[in-house]
Amino acid sequence: MDRADVLILGGGLVGSALATALDAHGISSIVVDPADPAQILAAKHDGRASAIASAPMRMFEAIGVAARLAGKGCPIAGIRVSDGLDPGKLDFAPGEGEGALGHMFENRILRTALYEAAVAAPLADVRMQTRALHVERGEFGVSARLSDGTTVHAQLLVGAEGRNSPTREAAGLNTARWSYDHAAMVATLGHEHSHENIAFEIFYPTGPFAILPLLDDAHGHRSAVVWTVNARDAAGMMKISERAYLAEAEKRMGGFLGKLGPLTARFSHPLGFHHAAWITSDRLALVGDAAHGIHPIAGQGVNVGFRDVATLVEVLVDGKRLGLDMGDPQLLARYQRWRGLDTFMVAAATDGLTRLFGIPGKTASAVRRFGLSAVDRLPPLKHWFMAEARGESGDVPKLLQGLTA
């Protein structure tokens with residue numbers, strides 16, 4: 001097709017989810033992405049894993065993606081947060097009949113499921129290995145000249161290209177941004193004892209050490225590890241031997257998972273923060289990392305992007321029912337109001353936690369341990385944190401409730 005309701009630039013996790021969700025509601029889209037599917041879907045492309053909260057999982061069920069993920073993710077039965085290996089912890093566990101807090105998926109599995117769902121969607125035209133060479137947003141619509149020689153038209157442009165979104169920059173949507181001077185080292189490792197489907201977040205002054213449960217494989221028990229280190233130390237840590245890496249990791253864990261190994265390929269990427277105060281402009285909306293990028297300290301990064309998707313879809317569906325143009329300023333203003341405050345609060349909370357747990361010293365550590373224990377003993381506050389982790393706080397879009405918009 002050369003004309004659709006929505007033009008989506010970026011076909012990653014969030015862009016593919018948006019195209020699929022729009023299709024489920026009778027709204028057409030054209031998705032443009034320069035990546036080669038053969039490369040981004042390869043097993044060795046991305047060693048990361050993502051915790052998908054329970055609310056986005058309900059959206060996946062509503063738009064038909066969950067069936068593609070069935071049996072491929074590890075349910076998260078609980079989360080344990082601690083300050084180092086000292087006493088003082090915070091445990092999150094679902095109540096009776098509430099189901100898992102979320103599911104851990106390897107990114108390649110998530111990416112494959114969402115990409116295939118978008119390609120299979122009748123109202124989504126997915127064009128990979130294609131770039132938008134020139135985009136115009138006018139009074140009556142959006143047009144883009146593509147590298148495949150075609151020109152496409154839509155009522156609304158969505159920027160979903162990630163942290164360095166050229167669409168955001170071209171629109172002049174300023175962002176607050178800074179570096180944490182940290183790097184995340186990511187790997188998957190085997191271990192002797194079962195993780196029992198518990199996710200662990202152990203905070204050290206140099207950064208959090210997260211142990212995220214994965215499904216067992218032929219070698220036995222497995223977890224994904226996100227190990228935050230000072231940026232200046234990352235290159236050196238990436239060069240140490242597998243044996244040295246596993247020995248240091250075992251110290252960080254306190255040995256509770258037993259002997260570690262084997263270890264997969266290791267990846268490292270810098271950590272930073274960015275937040276666009278305005279995520280809309282004339283006939284333009286931003287979603288996912290194009291709008292906001294946060295520290296992975298609470299595992300909410302991609303989940304915030306899926307909340308963008310659910311919100312934007314509901315806004316557009318309501319507009320369609322009223323006979324409005326998809327790029328109508330009223331609809332974009334509603335999306336801005338709905339997502340603006342929520343994304344700011346999540347960004348501020350994760351930034352605050354990063355700085356709080358990065359304060360060195362015994363006194364700061366004692367205060368943190370006291371705080372964790374206090375929250376653990378206060379059910380109302382604990383339930384609020386759990387609702388945030390599940391993606392169920394605030395004004396929840398219908399898709400995140402498992403309902404079609």
Side-chain angles (χ1 to χ4, degrees), residues 2-19 21-22 27-35 125 127 130-147 150-178 272-294 301-302 304-316 319 324-344 346-347:
D2 62 4
R3 189 174 296 274
D5 297 316
V6 181
L7 172 61
I8 304 170
L9 299 184
L13 298 177
V14 174
S16 293
L18 177 59
L22 290 173
I27 297 176
S28 61
S29 66
I30 298 171
V31 183
V32 177
D33 193 293
D125 179 1
R127 304 191 187 191
T130 306
R131 297 179 181 275
L133 302 179
H134 181 71
V135 179
E136 287 189 4
R137 291 180 288 120
E139 181 180 356
F140 302 106
V142 175
S143 65
R145 180 164 50 86
L146 307 182
S147 59
T150 63
T151 298
V152 296
H153 306 271
Q155 297 174 13
L156 175 68
L157 175 68
V158 175
E161 309 106 320
R163 287 177 178 254
N164 299 314
S165 167
T167 298
R168 181 190 66 225
E169 300 304 315
L173 296 174
N174 296 326
T175 59
R177 63 171 67 235
W178 53 79
F273 170 99
H274 71 268
H275 179 78
W278 286 93
I279 56 174
T280 60
S281 186
D282 295 339
R283 293 193 176 275
L284 169 66
L286 302 179
V287 294
D289 282 356
H292 37 69
I294 60 178
V302 73
V304 178
F306 291 142
R307 288 165 78 166
D308 294 342
V309 167
T311 304
L312 183 58
V313 169
E314 185 163 335
V315 167
L316 295 180
L324 296 177
D325 184 301
M326 295 286 100
D328 191 287
Q330 298 176 68
L331 301 183
L332 295 176
R334 184 184 175 203
Y335 175 65
Q336 171 69 44
R337 288 193 303 270
W338 197 343
R339 292 303 297 144
L341 179 60
D342 178 67
T343 56
F344 174 77
V346 172

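Since the structure is predicted, the reported quantities are computational estimates derived from the model, not experimental observations.
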Checklist entry - Are the side chains of Leu156 and Leu331 in touch, meaning some heavy atoms are under 4.5 Å apart? => result no
Item to check | Least distance between heavy atoms, Arg168 atom then Ala276 atom | outcome: CD-CB, 4.4 Å
Enumerate, atom names and distances included, each donor-acceptor pair closer than 3.5 Å involving a side-chain atom of residues 279-286, sequence neighbours excluded.
residue	atom	partner	partner atom	Å
Arg283	NE	Gly138	O	3.1
Arg283	NE	Glu139	O	3.3
Arg283	NH1	Gln155	O	2.7
Arg283	NH1	Asp325	OD1	2.9
Arg283	NH2	Glu139	O	2.9
Arg283	NH2	Asp325	OD2	3.4

Item to check | Any residue meeting side-chain contact (heavy atoms from CB on, under 4.5 Å) with Arg3, in chain and number order, not counting sequence neighbours | outcome: His153
Item to check | Distance-minimising heavy-atom pair for Asp2 and Thr151 | outcome: CB-O, 3.8 Å
Next on the checklist: Tell me the closest heavy-atom pair linking Val31 and Ala19, and the distance in Å.
Outcome noted: CG2-CB, 3.6 Å
Checklist entry - Which atom pair, heavy atoms only, marks the closest approach of Arg177 to Arg163? => result NH2-O, 4.2 Å
Checklist entry - In terms of heavy-atom contacts, does CZ of Arg131 have more than 12 from other residues, nucleotides or ligands at under 6.0 Å? => result no
Checklist entry - By side-chain hydrogen bond (donor to acceptor under 3.5 Å, both in side chains), which residues pair with Arg145, not counting sequence neighbours? => result none
Next on the checklist: Using every non-hydrogen atom in the two residues, find where Ala160 and Val287 come nearest and quote the distance to one decimal.
Outcome noted: CB-CG2, 3.6 Å
Got a list of side-chain donor-acceptor pairs under 3.5 Å for residues 4-11, not counting sequence neighbours?
residue	atom	partner	partner atom	Å
Asp5	OD2	Ser28	N	3.0
Asp5	OD2	Ser28	OG	3.2

Checklist entry - Can you check whether Asn164's main-chain N or O pairs, donor with acceptor, with His274's side chain at less than 3.5 Å? => result no
Checklist outcome for this item: Hits for side-chain hydrogen bond (donor to acceptor under 3.5 Å, both in side chains) against Thr167, two or more places apart or cross-chain, chain-then-number order -> Glu161
Next on the checklist: Checking side-chain contact (heavy atoms from CB on, under 4.5 Å) between Thr130 and each of Thr150, Val152, Leu146, which is the one that passes?
Outcome noted: Leu146
Next on the checklist: I'd like to check the salt bridge (Lys or Arg N to Asp or Glu O under 4.0 Å) partners of Asp328; sequence neighbours left out, ordered by chain and number.
Outcome noted: none
Checklist entry - Can you tell me how far the NE2 atom of His275 sits from the OG1 atom of Thr175, to the nearest 0.5 Å? => result 10.0 Å
